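The structure appears right after this line, and notes come after that.
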Amino acid sequence: MMEDEKNLNFIEQIVEKDLQEGKNGGRIQTRFPPEPNGYLHIGHVKAICMDFGIAEKFGGVCNLRFDDTNPVKEDTEYVDSIQQDIQWLGFQWGKVFYASDYFDKLYDLAIRFIKEGKAYVDEQSAEEIARQKGTPTEPGIASPYRDRPVEENLRLFQAMQNGEIEDGKMVLRAKIDMANPNMHFRDPIMYRIITTHPHHRTGRRWNVYPMYDFAHGQSDYFEGVTHSICTLEFVVHRPLYDYFIDQFADSDYRPHQYEFNRLNITYTVMSKRKMLQLVKEGLVAGWDDPRMPTVCGLRRRGYTAEAIREFINKIGYTKVEGMIDLGLLEHTIRENLKETAPRVCAIFDPVKLVLTNYPENQSETIVAYNIDGHEELGTREMTLARELYIERGDFMENADKNFFRLSPGGREVRLKNAYIIQATGCEKDAEGNITTVYATYDPDSKSGTEGGNRKTKSTINWVECGSCIEAEVRLYDRLFAVENPSAEEGDFRDLLNPDSLHVQTCKLEGALRKEMHKPEVVNGIAQCNHYQLLKQGYFVVDPDTTEEKLVLNRTASLKDNWQK
Ligand code: ATP
Ligand code: MG
């Protein structure tokens with residue numbers, strides 16, 4: 001193999017070894033198995049990069065399998081969004097499968113288990129069954145229904161499926177070993193009754209639905225998966241995964257399960273259940289709220305697919321659980337946008353600046369580089385005239401010598417890409433607030449001319465009053481106030497950061513009017529333009545933008561606290 005391909009994670013090393021040993025006839029098949037009960041989050045992306053990455057690297061195939069065994073929580077809305085997000089991330093599956101495709105096969109398999117004395121119908125409540133599970137050191141207690149005759153089990157299981165039994169009144173359990181040190185072997189539930197909700201694909205056809213453990217391994221086997229990769233919490237399920245397959249497999253082929261550490265990120269939650277709660281209760285604006293760790297939320301926030309994949313690449317895969325600093329994710333998007341996002345002037349707290357020696361009714365065009373020093377990234381035009389907006393903080397009426405920006409009678413300051421100016425005074429309202437700053441400009445100091453080389457201690461941003469445009473800016477901060485909301489006691493919703501969104505307006509260069517408009521939607525995905533608003537951060541145009549109102553989301557501030 002070539003040198004750059006050698007940078008393999010521990011599961012890829014296993015795959016490479018399996019290939020060298022000729023296992024599975026040289027076939028590599030993985031799957032990404034989301035349950036369509038929510039939108040994908042960045043934790044899922046870690047799994048996606050692993051599953052699809054292996055197929056890409058080793059010339060195999062990765063299929064998409066919807067693990068749709070619980071109609072209560074699943075919906076086609078989620079099926080669609082999951083497919084969109086995977087494609088947006090830049091991956092392509094081989095085939096699309098659904099666990100529900102196997103409901104007939106799994107049902108037949110359950111019947112076979114019953115006939116072979118390997119499964120029984122239990123009439124105890126979920127609580128009672130949980131109570132009898134025992135502990136890792138104490139064996140469990142056998143259900144009084146454990147030794148029902150086969151005929152009775154068959155009749156009852158069919159009654160369950162026929163809709164004759166109420167939800168929760170009976171389950172089908174595997175008859176394995178109530179004393180097994182692995183608790184998952186203590187007669188795990190194979191099937192439960194769900195009649196309350198139709199299934200998004202099979203409708204009302206089924207009244208019994210297989211549990212994860214009875215569906216996942218079998219699905220892998222039916223499809224011919226070679227490497228079934230999941231997260232570490234499934235290590236303890238692996239023996240059961242193997243057991244169920246061993247009971248019916250009619251060849252030597254076996255899918256094998258491998259596990260890696262989940263992705264957890266500080267100041268957020270990585271659970272669809274909790275995210276759904278935030279969405280349903282209106283605590284965020286939706287699954288794609290830019291504060292959410294969902295793929296669609298990150299996208300709306302201005303994260304690129306490239307940056308998200310780069311982040312996953314940076315954190316890598318191990319066999320120990322941990323927590324990743326949110327700062328690393330932010331660092332990655334800054335590094336990504338730094339090279340490409342045009343840098344434009346935006347004034348967040350404007351005060352008017354009048355250039356008293358600039359002729360009225362005159363204006364001129366200033367050509368600015370999108371990124372200074374990068375001609376290849378193009379230029380844009382700014383309009384300069386007598387009245388401008390600058391940041392209020394760039395002027396101080398009575399400043400000491402350590403203030404390098406505008407102050408009356410003070411030093412020379414350069415207007416970004418334009419002239420050198422000197423403040424002469426200001427005007428205030430009755431409350432003493434400064435309403436206008438006055439300055440003179442030096443016509444021989446224009447950037448790009450000979451006089452443009454004259455140095456000043458500082459450069460300030462500006463936009464021209466007549467041509468500038470207004471935008472609503474949404475400044476986002478971390479969603480939660482505490483580092484690890486999942487580790488805290490009590491209600492996670494009480495830990496939300498009350499200041500996670502600040503909305504205000506700003507004034508932007510008028511030339512942006514042409515390019516900042518409602519993002520075009522291609523295949524359901526808004527095509528976003530990224531900008532660096534000088535001194536303010538990276539921003540992206542939000543789909544809430546209308547003809548009347550431009551809306552920008554702050555992707556990340558400029559300050560990077562990330563330490564390697
Ligand atoms: P959640 O707890 O958010 O509902 P889940 O594990 O139930 O997540 P699934 O739809 O079953 O969600 O997950 C599909 C795949 O994504 C699984 O293989 C799962 O292991 C993986 N996955 C889910 N969350 C993470 C995470 N935080 N880090 C890495 N992989 C994850
Ligand atoms: Mg799951």
Side-chain angles (χ1 to χ4, degrees), residues 342-372 378-399 401 403-429 432-471 505-516 531-536 550:
R343 300 179 187 183
V344 304
C345 279
I347 305 298
F348 275 51
D349 183 13
V351 67
K352 191 182 272 189
L353 171 75
V354 178
L355 302 178
T356 51
N357 61 336
Y358 197 96
E360 287 186 46
N361 306 320
Q362 182 179 312
S363 70
E364 65 191 283
T365 299
I366 304 278
V367 177
Y369 286 116
N370 281 328
I371 297 185
D372 285 343
T379 56
R380 58 180 204 288
E381 294 182 345
M382 295 177 73
T383 303
L384 182 113
R386 185 181 158 91
E387 297 197 349
L388 313 174
Y389 287 116
I390 59 167
E391 289 290 352
R392 188 168 288 280
D394 283 342
F395 174 78
M396 198 182 267
E397 191 178 12
N398 300 303
K401 62 181 186 339
F403 187 75
F404 295 137
R405 286 160 289 162
L406 285 177
S407 189
R411 61 182 80 247
E412 294 189 325
V413 172
R414 183 173 290 283
L415 292 174
K416 175 91 181 151
N417 297 314
Y419 296 98
I420 289 176
I421 62 170
Q422 272 183 297
T424 52
C426 67
E427 199 171 285
K428 291 185 228 173
D429 64 15
N433 303 309
I434 294 167
T435 53
T436 313
V437 173
Y438 296 101
T440 54
Y441 85 111
D442 176 356
D444 297 324
S445 65
K446 191 171 180 177
S447 297
T449 68
E450 213 168 293
N453 295 329
R454 204 160 93 220
K455 291 275 171 284
T456 56
K457 278 265 191 192
S458 70
T459 298
I460 63 170
N461 296 321
W462 56 276
V463 298
E464 194 263 324
C465 293
S467 58
C468 71
I469 55 175
E470 283 241 341
T505 58
C506 79
K507 296 188 185 295
L508 286 166
E509 296 176 17
L512 297 168
R513 189 187 302 274
K514 287 201 295 285
E515 49 185 282
M516 285 188 176
Y531 296 90
Q532 184 189 122
L533 305 194
L534 287 164
K535 299 202 174 147
Q536 300 294 346
L550 175 60

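Everything quoted here is computed from the prediction, not taken from an experiment. Sequence positions, counted from 1, serve as the residue numbers for this chain.
The two residues E464 and S467 make their nearest non-hydrogen contact at OE1-OG, 2.7 Å. A346 approaches C506 most closely through the heavy-atom pair CB-SG, 4.3 Å. Across D394 and N461, no two heavy atoms sit closer than the pair OD2-N, 4.3 Å. Smallest separation of non-hydrogen atoms from G393 and F403: O-CZ, 3.7 Å. Closest approach of A399 to S407, counting heavy atoms only: CB-OG, 3.4 Å.
Heavy-atom neighbours of E470 CD from other residues, nucleotides or ligands within 6.0 Å: above the threshold of 12. Taking a 6.0 Å sphere around NZ of K535, one finds it holds more than 12 heavy atoms contributed by other residues, nucleotides or ligands. Around the OH atom of Y369, the shell of radius 6.0 Å holds no more than 12 heavy atoms that belong to other residues, nucleotides or ligands. Residue Q362 qualifies as enclosed at atom CD: its count of foreign heavy atoms under 6.0 Å is above 12.
Of the listed residues (L415, I421, V437, T383), just one forms a side chain to side chain contact (heavy atoms under 4.5 Å, CB included) with L388, and that residue is L415. Under the side chain to side chain contact (heavy atoms under 4.5 Å, CB included) test applied with C345, the options V463, I390, N417 reduce to a single match, V463.
Remark: T440 engages T356, N357, Q422, T424 in a side-chain contact (heavy atoms from CB on, under 4.5 Å) (not counting sequence neighbours).
A donor-acceptor contact shorter than 3.5 Å links the side chain of R414 to the backbone of S445. Counting only distance, with no hydrogens or angles, the side chain of T459 and the backbone of K416 share no donor-acceptor pair below 3.5 Å. Formation of a donor-acceptor pair under 3.5 Å by the R411 side chain with backbone atoms of K401 is found in this model.
Ion pair K428/E397 flagged as a salt bridge, since at least one NZ, NE, NH1 or NH2 atom sits closer than 4.0 Å to an Asp/Glu carboxylate oxygen. With respect to E391 and R405, no salt bridge is recorded, no charged nitrogen being found less than 4.0 Å from a carboxylate O.
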Run the side chain to side chain contact (heavy atoms under 4.5 Å, CB included) test on R343 and D372 for me, step by step, so that the C-alpha distance in whole Å, both residues' side-chain angles and the decisive distance to 0.1 Å come before the verdict.
CA-CA 8 Å; R343 300 179 187 183; D372 285 343; over 6 Å; no

Would E364 and Y358 satisfy side chain to side chain donor-acceptor pair (under 3.5 Å), going step by step from the backbone distance to the final call?
CA-CA 11 Å; E364 65 191 283; Y358 197 96; 2.7 Å; yes

What do the steps show when you test I460 against F395 for side chain to side chain contact (heavy atoms under 4.5 Å, CB included), and what is the final call?
CA-CA 10 Å; I460 63 170; F395 174 78; over 6 Å; no

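Here M382 contributes atom CE and C468 contributes atom SG; the two are 10.5 Å apart, rounded to the nearest 0.5 Å. Atom-to-atom distance recorded for K352:NZ and E427:CD is 9.5 Å, nearest 0.5 angstrom.
Inter-residue side-chain proximity for L406 and L353 is flagged as met; some heavy-atom pair is nearer than 4.5 Å. Side-chain contact between V413 and I420 is absent, with no heavy-atom pair separated by less than 4.5 Å. Here the side chains of L508 and Y531 are not in contact, with every heavy-atom distance at 4.5 Å or above.
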